[in-house]
Protein chains: 2
Amino acid sequence: MDRSQKIGGVLGGMGPDATVDFMAKVIALTDAGCDQDHVRMLVDHNPHVPNRQQAILGDGEDPGPALAAMAAQLEASGAHFLVIPCNTAYVFEDDILAATSIPLISIITESVSAVRDRAPGAKSVGILATDGCLKSGIYQAGIEAAGMTVVLPTAGELEQTMVLINAIKAGTQSKAAGAGMKSLAAGLVSRGADAIIAGCTEIPLVLHDAAVDVPLISSTDVLALKTVKLAMGGESLPAR
Amino acid sequence: MDRSQKIGGVLGGMGPDATVDFMAKVIALTDAGCDQDHVRMLVDHNPHVPNRQQAILGDGEDPGPALAAMAAQLEASGAHFLVIPCNTAYVFEDDILAATSIPLISIITESVSAVRDRAPGAKSVGILATDGCLKSGIYQAGIEAAGMTVVLPTAGELEQTMVLINAIKAGTQSKAAGAGMKSLAAGLVSRGADAIIAGCTEIPLVLHDAAVDVPLISSTDVLALKTVKLAMGGESLPAR
């Protein structure tokens, strides 16, 4: 192992298949000729973290303490930086920051930044995300800070998004789920989105580039690429 | 989380895709309706562990200390039992046992035991595994202790097996690799194997049941199923 390499700490299991998808993408994005060329990750694959959506919507246990404890343990185990392949969990990032002293890479910031690379002229960005994530406003704030406007799902579309996301979490990555997500993306495009952020890590499991008429930014792929760059030393760790 | 649930500690990254395949199988084998129904795993995805084959064949760094350190850290982080989705790593199980006090589930023992379930009348078991694993004799000892005889690859077949395994570790899960592995399995069957153990976790990435004329025992699937049973409390942890 090259001394400049860094170990990524992954707060995972939210959901389980999304974490596996994230890890597979990290592996696929690494230029490797043998095991030892790949990046090391410490993964707390913990699906038992309290439901993020329910907590934000007001009737569920706070997941902040569980996320903080996972992050502190990953740092103690040797992680040099933290990532979470779950967008909604970033609503609780202050709890994680308070419990650790290593950088937490934001999937939100990275995904908004990726819009600029993938769709340089985009003025209006559609977001597919959970109800909790959208209620928190973290994506809207990031997109507006970058000088773009936001196209949100309607109430009915958001309800349908949650049905599909929860089916994927339960293990159903069906063609019907893909068709449903494609239709939701088309709705955002019809209302002016020049690019779409798949801002929930369940979504890229069923929705792919070819199904959307504008650039589709997969938050999972964005976080995986950033993880490879940081782990391999191609990018320096941000300050804490 | 049910109090009877246990946390599995996974010594992973050997190889990377095999660990992701193992985790995906644990998730698929779990009867879950939402994130919180899934099992928690602490995964040290560490591809930097020194090459097991080279160490056994006599010209590489000993991976024992790295495996022992990973295992001790997983125990300290809260794991209740340990698994390794890498068959050859079990050659170094004494190092891991010396560094920990929690059970280490043997992929070798479990895979041999699975032959009895999947092919009850089998008298002769073929093994596809790495050169290091076969040189150590751990599979041969397990199969003979279970009253069955062993069918091994020829020297040429073993060389071809390693070419395919190393290509998979480098990221190539091609149809050609699947065809090559199928041909190697057919060789074992032609020499009398009533069942075949895919005794390297890279192999199930390209070789599936339908490609083999006798029962094929995937060591990855066997370990994943055992992990789910132990984690969900369906089976008690073995004594240490």
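In this text, all values refer to a predicted model and were calculated from it rather than measured experimentally.
Top candidate by heavy-atom pairs under 4.5 Å with chain A, chosen from B:G15, B:G78, B:S77, is B:S77. Top candidate by heavy-atom pairs under 4.5 Å with chain A, chosen from B:L74, B:L42, B:I168, B:N46, is B:N46. Ranked by heavy-atom pairs under 4.5 Å with chain B, the list A:T19, A:D44, A:T30, A:D17 is led by A:D44.
Residues A:K169 and B:D37 are not paired through a salt bridge, judged by the lack of any N-O separation under 4.0 Å between the basic side chain and the carboxylate.
With a 6.0 Å radius and a threshold of 12 heavy atoms from other residues, nucleotides or ligands, A:E159 has its CD atom at or below the threshold. Within a 6.0 Å sphere centred on CG of A:D31, other residues, nucleotides and ligands contribute 12 heavy atoms or fewer. The number of heavy-atom neighbours closer than 6.0 Å to CG of A:D117, taken from other residues, nucleotides and ligands shown, is above 12.
Across all their heavy atoms, B:D35 and A:P16 have their closest contact at OD1-CD, 3.5 Å.
Proximity to chain B involves both the backbone and the side chain of A:A24, based on heavy atoms less than 4.5 angstrom apart. For a residue to count as touching a neighbouring chain, one of its non-hydrogen atoms must lie under 4.5 Å from one of that chain's; by this rule A:V26 does not touch chain B. Both the backbone and the side chain of A:N51 come within contact range of chain B, judged by heavy atoms closer than 4.5 Å. Looking at A:V39, the atoms closer than 4.5 Å to chain B (heavy atoms on both sides) all sit in the backbone: N, CA, C or O. With a 4.5 Å cut-off on non-hydrogen atoms, B:V10 does not touch chain A at all.
The side chain to side chain donor-acceptor pair (under 3.5 Å) test with A:H48 singles out one residue from B:H38, B:R40, B:Q5, B:Q36, and that residue is B:Q5.
Interatomic distance, B:D21 CG to A:M23 CE, rounded to the nearest 0.5 Å: 11.5 Å. Considering CD1 of B:I27 and NE2 of A:H45, their distance stands at 4.0 Å, rounded to 0.5 Å.
Inspection of non-hydrogen atoms places no residue of residues 222-229 of chain A under 4.5 Å from chain B.
A 4.5 Å side-chain heavy-atom check between B:C34 and A:N166 finds every atom pair outside the cut-off.
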Evaluation steps, side chain to side chain contact (heavy atoms under 4.5 Å, CB included), between B:V20 and A:K25:
CA-CA 10 Å; B:V20 165; A:K25 284 169 174 168; over 6 Å; no
